[in-house]
Amino acid sequence: MTTRDIAIVFAIAAAVIVAVFAYVAVRSGGAAEIDYGAATRLRRAFFLGFAALLVVSLVLTLPRMPYPVPAGRVDRVVHVTGKQYAFALTDAPVTSLEGWEEGTYPQVAEVKTGSTVEFRVATLDVNHGFSVYSPDGELMAQTQAMPGYVNRLRLRFERPGTYTVFCLEYCGMGHHRMRGAIEVR
Ligand code: CUA
């Protein structure tokens, strides 16, 4: 959902609320006999209508959750290791601080267009947030890098370009420069 979509949804919701208030204001002229049977029927219709609306919204929006797990094969596994203040994107996991000190690890992973990548996200120190942004700056997915865990995130890269990785969890003074990239070609 883009900022524009959110603004449209907000405008529609606001218009509905204003319309309801205006309707009530116009119709509340004087006291009237209450027809309880009609009120109950109206209530039931409103409840059923609202429930149906909720079910339809759920069915339409659930498949668009921001954590897609494409079924089937994974074309590539990229190990992501966080450490203040860098991400290493490697083919083999970096499991120890000694290993981190010894090697200089790439902060860029190269991936083929149309492939499904499984990121295995870990950290050597504190919590970090591993996120992937599309070439036009939209957040595609994110997961936490947590001490003692390997979190998996599957993403399909349909379009070539440079995808940016940002740390989305404040992890210290150098948090803002903790980033990486995925080159899709
Ligand atoms: Cu790592 Cu913020």
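As the structure lists them, so they are numbered: ligands from 1, and atoms in each ligand from 1.
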Worksheet item: Are V150 and V78 joined in one hydrophobic group, where the rule is that I, L, V, M, F, W and Y side chains link up if heavy atoms are under 4.5 Å apart?
Response: no

Response to the item:
Rounded to 10°, the SG/C171 to atom 2 (Cu) of ligand 1 to O/E169 angle comes out at 110°

Worksheet item: Can you name the N, O or S atom of H175 that is closest to atom 2 (Cu) of ligand 1?
Response: ND1

Worksheet item: For Y149, does the OH atom sit with more than 12 other heavy atoms under 6.0 Å from it, leaving out its own atoms?
Response: no

Discussion item. Can a side-chain donor-acceptor contact be found between N151 and Q144 if the only test is distance below 3.5 angstrom?
Written reply: no

Worksheet item: To the nearest 10 degrees, how large is the angle at atom 1 (Cu) of ligand 1 between C167 SG and H128 ND1?
Response: 120°

Worksheet item: Mind checking whether F119 and F130 have parallel, tilted or perpendicular rings, split at 30° and 60°?
Response: tilted

Practice prompt. Kindly confirm whether atom 1 (Cu) of ligand 1 is within less than 2.8 Å of some N/O/S atom in M178?
Written response: yes

